[in-house]
Amino acid sequence: MTTSIASPAAAPTAAVPGPAAVIDTGRVAGLIHQLLAELGEDPAREGLTGTPDRVAAWWNAFLSPDGAATATCFTESQLGGQLVIVGGMSVWSLCEHHMLPMNLQVTAGYVPDGEVVGLSKFGRIAQHFAGRLQVQERFTRQVAEYLNGVIGHEDVAVAVRGVHLCMSMRGVRMEKARTTTVHSGGRFGTDPVLSQQFLTLTTGLWGGAVIGTTGIDFSVIAPPAYLEHFVAQEPARVHHVAAQHVLSDETYRGFFAREAERGAEIIVDNGLFDLGHALPAESLVEAALAVSAREIILPDVMRDGAATLKASEKAAREIRELSGDAFRLCAVLHAADDDEWLRTYDAFVASDWAGSIALPASRRPDPDEQLCRTRWVATAYLQDHGLVDDLLVYRLLGLGRTGHLELIEQREHEWISSVDGAAPVILGAMGVALLPEGPYEKPSTPRIEKLGPIPEDRFDLIRKNISVVRSAAGSTVTIAEEHR
């Protein structure tokens, strides 16, 4: 017996823009003719004659709905509990932000329950959703949701590894950058053994490319009065805490001491960002001991590598005199230009005191894409040039000008451990929602300590914002349920 689903419309796929039913190729060819002329070309010259028609024909073929994208199931009543994985599917789509190609390698897995899906249909389903203007995250979800409808339950996982020309040939021009998205439904989201089997086999199909299962840990920064509402983690992983609040606020100190007892790694910040100056070594050690911290962020000087190195070395020496090797010491990488950035990084790596390195957020547009100004350029440079030190921990400080969207790219670097940020709380308190796929538009905002009381009717929005950031970072950590 066979069962067919006639079209993707029958599956529970969210309503999103799709390809037009009919493409006016004549009009499209005319527009391409205009484009060539505007670019300073002569559409009538040898080599371009016929180009508008060829481009229009391609658009028509690319955007035409694939009527063959049906999914057939075959009854196999003896099958149940078996993991089925179909990989090796490679499709081309177009990034809707820049209309440049992206190549998507697709792997799908499911657990049959009395029926199996015809294998050839997986490729057709992927081709169907690729044949339109897309973003990889939505494509992954659409394929998974369609398969949910086909098999009749949610035990479906889809992993997609993409090469995006909008990253390779424009902007940051990171030719080796790869974006991985994973949708895990049903048992794939609740059974860690099944999930790991899928990810391990998918990694093999991709030639050993690693899929992160934990992502980048996100530490929420919130006013002391709202720690229980937004900051408590399940499971407890990493918290960046303000030394000055630990020393002055008993409730704040008690909260993070309890999180440490639950297994969280506590990182004590030096106070510079909030106070305008770093606390002295003895205060940092006192704060770290009070919350059972594992790491102290050393003093830094904005945009000055030499001064940061000097301040860090001095503080490291003083902290070790007070506490020995009780704490990992984190150096913040600042510099005035790229040469200084590289010298400072080399000095941190070569030192006998730096156990971790933190990269500050990119705050302003940087057309020159400097290492010292654009963080994702810096992390890509470290990766591509083999400069990542396996003995060090790497962290991101703050969400920059592109907010959570940067984390979608940064999570490809599995050596990045954590990031902190107050943006989801501040924006949520202002009634601004973070959109999973962007754009990220941050209005003028107050500092977290100047935020004031947060209305309770904004709590859910803040929690959703936090979830958006963690999703972008590839983290499965949630707000501890007992505090929600």
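This chain uses plain numbering: 1 for the first residue, then up along the sequence.
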Who are the side chain to side chain donor-acceptor pair (under 3.5 Å) partners of S90, not counting sequence neighbours? N103
If you measure from the Lys or Arg side-chain nitrogens to the Asp or Glu carboxylate oxygens, is any gap between R395 and E265 under 4.0 Å? yes
Side chains of L165 and M102, heavy atoms from C-beta outward: is any pair under 4.5 Å? no
For residues L399 and V419, determine if any side-chain heavy atom of one lies less than 4.5 Å from a side-chain heavy atom of the other. yes
Say you draw a straight line from CZ of F122 to CD1 of I85; how long is it, rounded to the nearest 0.5 Å? 10.5 Å
Rounded to the nearest 0.5 Å, what's the gap from CZ on F129 to CD on Q134? Could you check? 8.5 Å
List the atom of A354, the atom of A331, and the distance in Å for their closest heavy-atom pair. CB-CB, 4.5 Å
Strictly by salt bridge (Lys or Arg N to Asp or Glu O under 4.0 Å), give each pair with a member in residues 91-102 just once, sequence neighbours left out. E96-R138
Main chain of V425, side chain of R458: is a donor-acceptor contact present, judged purely on distance under 3.5 Å? no
Apply salt bridge (charged side-chain N to carboxylate O under 4.0 Å, His left out) to R54 and list each qualifying residue two or more places apart in sequence or on a separate chain. none
Just verifying a value: how many Å separate D217 CG and D420 CG, rounded to the nearest 0.5 Å? 12.0 Å
Contact between V238 and I267 at the side-chain level, heavy atoms closer than 4.5 Å - yes or no? yes
Those residues at least two apart in sequence (or on a different chain) that pass side chain to side chain contact (heavy atoms under 4.5 Å, CB included) with D368 are D366, Q370
Check for a donor-acceptor pair, side chain of Y146 on one end and backbone N or O of R141 on the other, with a separation under 3.5 Å. no
Where at least one partner belongs to residues 22-44, residue pairs that pass side chain to side chain donor-acceptor pair (under 3.5 Å), sequence neighbours excluded: E41-R45
L397 and L359, any side-chain heavy atoms less than 4.5 Å apart: no
Are V220 and F218 side-chain neighbours, meaning at least one heavy-atom pair lies under 4.5 Å? yes
Which residues pass the salt bridge (charged side-chain N to carboxylate O under 4.0 Å, His left out) test with E261, sequence neighbours left out? none
Using modelled atom types and a 3.5 Å cut-off, is there a donor and acceptor pairing between side-chain atoms of T344 and backbone atoms of L333? no
Run the ring-ring contact (aromatic ring centres under 6.0 Å, His included) test against H240 and tell me which residues pass, sequence neighbours left out. none
Does any N or O in the side chain of S362 come within less than 3.5 Å of the main-chain N or O of G400, such that one atom is a donor and the other an acceptor? no
Keeping the roles fixed (side chain from T51, backbone from L48), state whether a donor-acceptor pair exists under 3.5 Å. yes
For the CD1 atom of I416 and the CZ atom of R411, what is their distance to the nearest 0.5 Å? 12.0 Å
Hey, does the side chain of S93 reach the backbone of A130 with a donor-acceptor pair shorter than 3.5 angstrom? yes
Search all heavy atoms of P235 against all heavy atoms of V477 and return the closest pair with its distance. O-CG1, 3.8 Å
Taken to the nearest 0.5 Å, the spacing of E369 CD from Y381 OH works out to 15.0 Å
Mutual orientation of the aromatic rings belonging to H229 and F459 [parallel < 30°, tilted 30-60°, perpendicular > 60°]: tilted
Looking only at the side chains, is there a donor atom on one of Q136 and T181 sitting less than 3.5 Å from an acceptor on the other? yes
Criterion side chain to side chain contact (heavy atoms under 4.5 Å, CB included) on T379 and Q410, from CA distance to verdict: CA-CA 8 Å; T379 54; Q410 294 287 16; 2.8 Å; yes
Which atom names give the shortest non-hydrogen contact between G123 and M89, and what distance separates them? N-SD, 3.5 Å
Between E228 and R258, is a salt bridge (Lys or Arg N to Asp or Glu O under 4.0 Å) present by the stated rule, with each step listed? CA-CA 11 Å; E228 301 282 357; R258 291 191 298 275; 3.3 Å; yes
Salt bridge (charged side-chain N to carboxylate O under 4.0 Å, His left out) partners of E137, counting only residues at least two apart: none
What side-chain donor-acceptor pairs closer than 3.5 Å can you find for residues 150-159, not counting sequence neighbours?
{"residue": "H153", "atom": "ND1", "partner": "D155", "partner atom": "N", "Å": "3.2"}
{"residue": "H153", "atom": "NE2", "partner": "V111", "partner atom": "O", "Å": "3.2"}
{"residue": "D155", "atom": "OD1", "partner": "R187", "partner atom": "N", "Å": "2.9"}

Flag the pair L392 / S356 as yes when at least one side-chain heavy-atom distance between them is below 4.5 Å, and no otherwise. no
For R373, salt bridge (charged side-chain N to carboxylate O under 4.0 Å, His left out) partners two or more places apart: none
Closest non-hydrogen atom pair, D338 against C372: OD1-N, 3.1 Å
To the nearest 0.5 Å, atom CD1 of I454 lies from atom OH of Y226 at 5.0 Å
Mind checking whether T180 and E412 have side chains closer than 4.5 Å, heavy atoms only? yes
Taking the side chain as C-beta and beyond, is there a heavy-atom pair between P443 and M430 under 4.5 Å? yes
For P223 and L451, which heavy atoms make the closest approach, and how far apart are they? CG-CD2, 4.2 Å
Closest approach of A361 and G398, non-hydrogen atoms and distance? CB-O, 3.7 Å
Begin from the C-alpha positions of V231 and F255 and carry the test side chain to side chain contact (heavy atoms under 4.5 Å, CB included) through to its verdict. CA-CA 10 Å; V231 178; F255 173 85; 3.9 Å; yes
Using the test side chain to side chain contact (heavy atoms under 4.5 Å, CB included), find all partners of N465 that sit at least two apart in sequence or belong to another chain. P424, L427, A433, L434, L461
Among pairs that include at least one residue of residues 387-406, which meet ring-ring contact (aromatic ring centres under 6.0 Å, His included), considering only residues two or more places apart or in two chains? Y394-W415, H404-Y440
For the pair L147 and Y110, evaluate side chain to side chain contact (heavy atoms under 4.5 Å, CB included) and give the outcome as yes or no after the intermediate values. CA-CA 9 Å; L147 288 172; Y110 74 106; over 6 Å; no
Derivation and outcome, side chain to side chain contact (heavy atoms under 4.5 Å, CB included), residues Q233 and I479: CA-CA 5 Å; Q233 297 176 356; I479 299 173; over 6 Å; no
